[in-house]
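For the numbers below, each heavy atom of this structure counts, side chains included, while hydrogens, waters and symmetry mates do not. Note that this is a predicted model, so its numbers are computed, not measured.
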Amino acid sequence: MGLGRRDLLKLVGGGAAGFFLTPVPWRLIDGVAIRTESWPGVPDPPRGEVRTRYTTCTLCPAACGVRARCVVDQPVSLAGVASHPASAGVLCPAGLCGHHLPLLPNRLRQALARKGDNFQPVGIDAVAGAVATALADMRQNGSAERVAVLDARPGRTASLMYRRWLRAAPNGTYLLAPSAEATAPMGIDIARTGTVLSFGAPVLDGWGTPGRVLEARKTFRLIQVETRQSRTALLADGWLPIRPGTEAALALGIANVLIEEKLYDAAAARNASDFAAYAALAAQFPPQRAAQLTGIPAQTIIAAAHDFVGHGPAIAIAASDPGGGPLGEDEQIAIAALNVLSGSIGREGGFLPRGEASRPAGFEEAALAPEQGIAEVPDASIRVLIIDDARAAGTWCWSAIERKLAATHIVVAMTEFLEGAAQHADFAVPAPAYLEAGEDAPAPPDVPAAMFSLAGALLKPPPEAVDGAAFLNQVAGGGPALADVLKQRVAAIHASRRGEVFHYADASRTAVRDVKSAADLWKALEEGGCWIDHQPTPHEKPLFAILGDAPDRVLEAASGRLPADAQFPLALVPYGWRGAAGGAISPIMTKLYQESDLRPGGDTIELHPDTARKYGVADGHVAIVQTRCGSCQRRVRVDESVMPGVIQAEVGPSASGNCRPEALLNACGVAGDGTWRLARASLRRA
Amino acid sequence: MFPWVNGFKWDAGHVIFLGAFYTVVMIVLATVVRALVRSRHHVRVEKVEAFRWKQDFHDLPARDRRCRHELNGEVDSRLCENGFDCRSCAKHPEFVQAAAARADLPKGELFGFPMPLDRLYHRGHTWVRKEKDGTLSVGLDELGARLIGKPERLDLPELGQHLNANATAWSAARNGATIRVLAPIEGTVLATGGPDQGWYLKLRPDGPQPDTRHLLRDGEAVRWMSRELDRLQLLATHGACPALADGGALVEDLGAALPKNEWAAVCGEMLLEP
Amino acid sequence: MDRSYIARGLERCTTRRFLMWLLPWTLLLAFGLYAAGLCLFKGLNQTNMDNRFAFGLWIFLDLTVIALGAGAFFTGFLVYILRMHELKAVINSAVVIGLVCYSGAVTVLMVDVGQPLRAWFTFWHPNVHSMLTEVTFCITCYLTVLAIEYLPLLLKNRRLRQVPSFLVFEFELHRVMYVLAGVGTFLSFFHQGSLGGLYGVLRGRPFAFREALGVWPSTFFLFVLSAAAVGPSFVLLTTWLVEKITGHQLVERTVMQKLGRLSGVLLIVYVLLKTIDTLVWMNRTVPGEGFSPQQFYGFEPFGVWILFAEIVVFGLLPAVVLLDARRRASQAWLLTAAGFACFGVALNRFVMTIQTLALPTLPFDRFLSYWPSWQEVGTFLAVVAYGVLVYSLSYRYLILFPQERDLKAR
Amino acid sequence: MAANKSARYGMVIDLDRCTGCGACMVACAIENNVPPANAKATERTGITWMRVHRLGNGRPFPDSRAVFFPILCQQCGHHTPCVAVCPQNAVEVDAATGIVDQMPQRCLGCRYCMAACPYHARYFNWWDPAWPAGMEKTLNPDVAPRMRGVVEKCNLCHGRLHRAESKAAAEGRRDIAANDYVPACVEACPAKAITFGDLADDQTEVAQLARSEGAFRLLEKLGTESKVYYRSERPWVHQAVKSGIGKEPQRG
């Protein structure tokens, strides 16, 4: 018996040993190895049919063509549309991850009403009701107060609808965003431009239509006038590091050289009614004086002037930087005048008047409220303010808008996120996000030819979301839906029989006159396409005044914007990058400002080593930037490329997330014309 | 790892590296297994006690492993290599012959310390006496008795159990320590006594003429004992105890006289337990 | 009360005092285990390591600890293979030190890898050309060997040896110990070496990269040599420390001096070869990779002084002292020299690991700084505490120093 | 270019065109399901298979100049540092494409390869990969996200290579068409600064650019035969690269 048991044990033991000599257990272990891949924290990408769909980017005025790779209906990646007439197959970082925006956790999904310092849910009809009663009240006692729509993305069909609606409303006022690029009166024929003299415009870092500009970069020379060694300055053929706020002086200095040396386009000058006055003004800024003011050596200024007209066609631009705000009107005049001297206005390779896609009947200019800048509206005059796309307004100075509001007022923000201006509103109304709104994209600001493209919705908006038009209809109790007006507009374009359709899918083009019906045109645009008019032909140059009514203001501007100030010895130069300067951004953008040091981030300031030493701060310290209008706390980065005596502050997202741009922007203070480019500041370690 | 596992290549690197690895594993495994098997075998054939003594003897400090013939003054310095079992010692007979000439008549006591010479002494402080009936009585000698005194517990072997020389004959527990006593000679247990009887065991020898060459007798025993007393004194004074305080007479019961730990250590030393 | 577990004739403090001694170490161990737990369950984001400082405190200390633990294999080699019997006096202690160092190092490595559950992949899909594979295989094998070498000590415990089969097994093991010592020496040679190779093969780290001799970079042999050199020194130091703490003399002074001398002889050879290696590196290897040696010492605080300290102050100096019989005779000199030798090797491991990673390799790189997080420090303290506990228990209940009793009897 | 005839995929990055916008980094992260940063992540613990660095000329304002340096796995072709060191063969060089491939499912996270890589192109998952709730929907179905505690790096968009291969197979072609396989960063670069293709095929634009004047590789003397080339007309850039380490960068 005992013996039997022993045998049994032997058998089992031997069996076990034998088993381990076979591949079986090892195979099993191999399998286990693979299994360790499935780990709790790792999400499983959804599978499904992969399709390619097309739309147009509406995150900035560039209106780039978008090719979306979708799993079933969900876009999983965005890319440019190759050989797109404007964007030339390019998307910017923000555009590449635009499909994340609708899914952001802080998405606004229902209307909110302000209660004290925080918001409470409310029905949209209640919001509309509040606006309606306010309007009724204004009508009743015919008050002089205004109803205003502040449009962050002008030039859309929706903008036209606002303007028509405002026309009917009491003192309806249509306001343009302080730094609206879309409203440039003329386009640039960049493909044929010979020289670009840029006053702080981020030409290579998100200006106009990036694809188009970068493609043309091979052919134009770039002279960058900028305090900051921006990305554009780094890649420019010449960089003129200019003392903050003295752009006008440089412009006049260059003008001086050109006029003295008779290097300007006399023919073009003859069209200017007040050229003599302008020349006289320029005469006050010989290179030496300009050098004193701008800190750029006289020789360099002279050389720049020669450079400028040396390789025509030459244009001078002073577009805005999304964080730094636009240059003051007067600087703009001084700079624009250079285009008269280079004769680039209305000629190939220069500025060409922008065409516009035909409008449907009832939207003639006469039937619409005029476009106005915030500066043009008297203070304390707005009773009802409706802000469209408040998110894009992330870099406005609220103080500029606030001072326009009447004592009792309602501010309604149509927005996807409770960001930017929306935080100051009385009501926040959820709007469809990017890729959710079936709307049109305005023609890019720098493209002379008229363009029209649909930003077809790839995703369903949240049930509560309403677009601006629908909201106004609700207020007014009826009116056409945006979609219908869009259809009308497409019909109008079809009727005009002008231009051609570019199809995103295969980069083919069809002349509009070959498109059978308006419906077909609509289909073509909705499936992914854009309509583009012929390149406008140069026309007779009209008579115009260079300085207009502002010769002394220009002179004042040219004498320097930043008077010395013992209490605030430093110059605060804010700057931002298109697509991230505003409120919400995709979390993937952390790659740029948190997981790398590619972008300093919105919680930092950059100083020259000497400046830092002088004010007792070092790399990594936290410093307080103080101006007359406010202050903000930021981490110091010491950088040899910064101009001594200057504080560079990025307006944008930050790893710490605790830094909102407002603090900085408000500290910058706002000029009468609603710009905030510069401020005097002092610095101390926190 | 193995030819059938993903990533394995039959190249020199793999063959050499893994070859070396498996060899090492095999060697280690083989060594351990061998040790296990052998030890299992020894346990089965009850060689345990032999091993225990072997080790104990090996672990004894050199001064406690002196050859009996050195103690006897026949050689200057010699260490025992046979665990005090002279029967398996090649040199022993030579010494005996050499010593044969030298005959002396010792007296049966050592500074008033009884040392009967009718018996043979083992270096573990036990004695063996051949009885008329051919059995062997085994007991503790005077020193051993005084060391252990009255044990609280006594583990004596069962009747009929066979003991080997130098195996544990019995163990006595006292002061929280157990002291083992070595068997002076092999034999089968016939009866067990205790401190009061004056003897502990009665053994039936394995053969008619038990071989007792390894045991100490007569003068040799006396000389050994006197040396043992010196050793005890050394240990005791080291522990500062009253052992020989009164001019040389050993106290009756060291177990009571010494502090517990001290006593255990001394017992270990004297009864050849490391 | 645990008297019956303590070998007869050994003086040990009372149980109460012993527990008091264990208490703080136990607390430290608990704290360290908590820290390690954080790293295991929350991930290595608990440490201050990063993509650039991929290795930190842990790897540095692992290398150091294993170098110091080399006393185990080297003493074993001397006793069982070269039959230097006087070293029997410390072999047991050396084995315990070795066991502690290696098991500790392996434990930390387990925490150090991102996916401990996959640690066995190295055995499963071994890349035989990787130094780390060599290290993993050898260390695990050698740890097993050490455990087996530790077994007899354990079984010799006064209580355990009452169990017949233990007694016999211990006896049998003891008889084959020389085989294990041989295997241990073989394994140690390779993993001490491949630990050196670990950094020597990094072509991408010109500061660490060394020319190959055969299949191994020169650091392979330097590490073996330096480890063998400090092994005895460390055994010497620990023995002295235990003597100080317990107040007993544990080994003959001559044994200590013997250890010192061994260290000295090996150390002087090491210093010589290390110097040659450094010269070859400066004049051949580095220029060949398009750098100049000065570039590596341009970053404070790691100036040339660190090289000088490593080779002269903590290499040549102690070697000379240990080789001088008169100095060796003085306890103070002996111990100081041994201490210097150990520190020198620790410094060498530090330079190889930390300094290598701190140095930039690309034009836009920065010289990086790194400071371990408390979780990293805690995890290491756990190993220290664990070591002290194991050694204390072993010292109390096992016979680590065979000479102790005789020396006491004197 | 061919997947079966052994190709050597590589790229030439024109530093004079790179504007440092970061589109490549974003596109890469989206294509390869690289998670957004953990709140505690820094530029030393983040995951950026493609990372744009800024190299200054070390001179003060107004003479300071800088260039943007996109760094990705340099796809070393000769004693590839990371391959030799990996203890469990988790890194392999694909003979057919020359792509250095990291197998996260076999990596145990010892990070030895990271210490070995002189280009710092390897990244460790210090945290569990986490996307904001609901955003998992936007993951690329062709690429499996990696778990915490393993190393990952650029593999020249393996997902895209497979897609191109299966497309070729579907159309019964043996070789994949050049424009079917373009890594995300190359596709996304607005400045068209990156030229990608088969270096083994002399006819390709990339091969010619790689041999052109002003083209260079990082740490060329290490003899790693990397397949990522850079080019610049600016002399100081070449200077800075030659002078190697030793200059503090301007940022950070």
Quick check on the interface: out of [options], who has the most heavy-atom pairs with chain C under 4.5 Å?
{"options": "D/G149, D/P118, D/P87", "answer": "D/P87"}
{"options": "D/H79, D/K242, D/R122, D/K40", "answer": "D/H79"}
{"options": "D/C86, D/C76, D/A116", "answer": "D/C86"}
{"options": "D/T224, D/L219, D/V241", "answer": "D/L219"}
{"options": "D/A115, D/P81, D/C110", "answer": "D/A115"}

- Of the options C/F209, C/F291, C/F207, which is the one that meets C/W281 in a ring pair (Phe, Tyr, Trp, His ring centres under 6.0 Å)?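 Of C/F209, C/F291, C/F207, ring pair (Phe, Tyr, Trp, His ring centres under 6.0 Å) with C/W281 is met by C/F207 alone.
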- With C/F190 as reference, evaluate C/Y142, C/W216, C/F221, C/F137 under the ring pair (Phe, Tyr, Trp, His ring centres under 6.0 Å) test and give the passing residue.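 Testing each of C/Y142, C/W216, C/F221, C/F137 against C/F190, the sole residue satisfying ring pair (Phe, Tyr, Trp, His ring centres under 6.0 Å) is C/W216.
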- Can you tell which part of C/L357 gets under 4.5 Å to a heavy atom of chain D, answering side chain, backbone, both or neither?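 For C/L357, the side chain is the part near chain D, not the backbone.
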- Task: Let me know if C/S292 has heavy atoms under 4.5 Å from chain D in its side chain, its backbone, both or neither.
- Result: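 For C/S292, there is no contact with chain D at all, as no heavy atom is under 4.5 Å.
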Leading residue by heavy atom contact count with chain D [cutoff under 4.5 Å; candidates [options]]:
{"options": "C/L198, C/T136, C/L359", "answer": "C/L198"}
{"options": "C/L202, C/T47, C/N51, C/V113", "answer": "C/N51"}
{"options": "C/L109, C/V201, C/L132", "answer": "C/L132"}
{"options": "C/R52, C/M131, C/H129", "answer": "C/R52"}

- Message: Run C/F308 and C/Y297 through ring-ring contact (aromatic ring centres under 6.0 Å, His included) and show every step you take.
- Response: CA-CA 12 Å; C/F308 178 79; C/Y297 295 99; over 10 Å; no
- Task: Decide, yes or no, whether a salt bridge links D/R54 with D/E43 under the criterion of side-chain N to carboxylate O below 4.0 Å.
- Result: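 Salt bridge between D/R54 and D/E43, a charged N being under 4.0 Å from a carboxylate O: no.
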- Query: Do you know which of C/T219, C/D277, C/T285 makes side chain to side chain donor-acceptor pair (under 3.5 Å) with C/R210?
  - Reply: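 Among C/T219, C/D277, C/T285, the one meeting side chain to side chain donor-acceptor pair (under 3.5 Å) with C/R210 is C/D277.
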- Message: By the definition side chain to side chain donor-acceptor pair (under 3.5 Å), identify the one residue from D/Q105, D/Q102, D/E152 that meets it with D/R146.
- Response: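 That would be D/E152.
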- Message: Could you measure the distance from the CG atom of C/L381 to the CG atom of C/L33? Nearest 0.5 Å is fine.
- Response: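 C/L381 CG to C/L33 CG: 11.0 Å, rounded to 0.5 Å.
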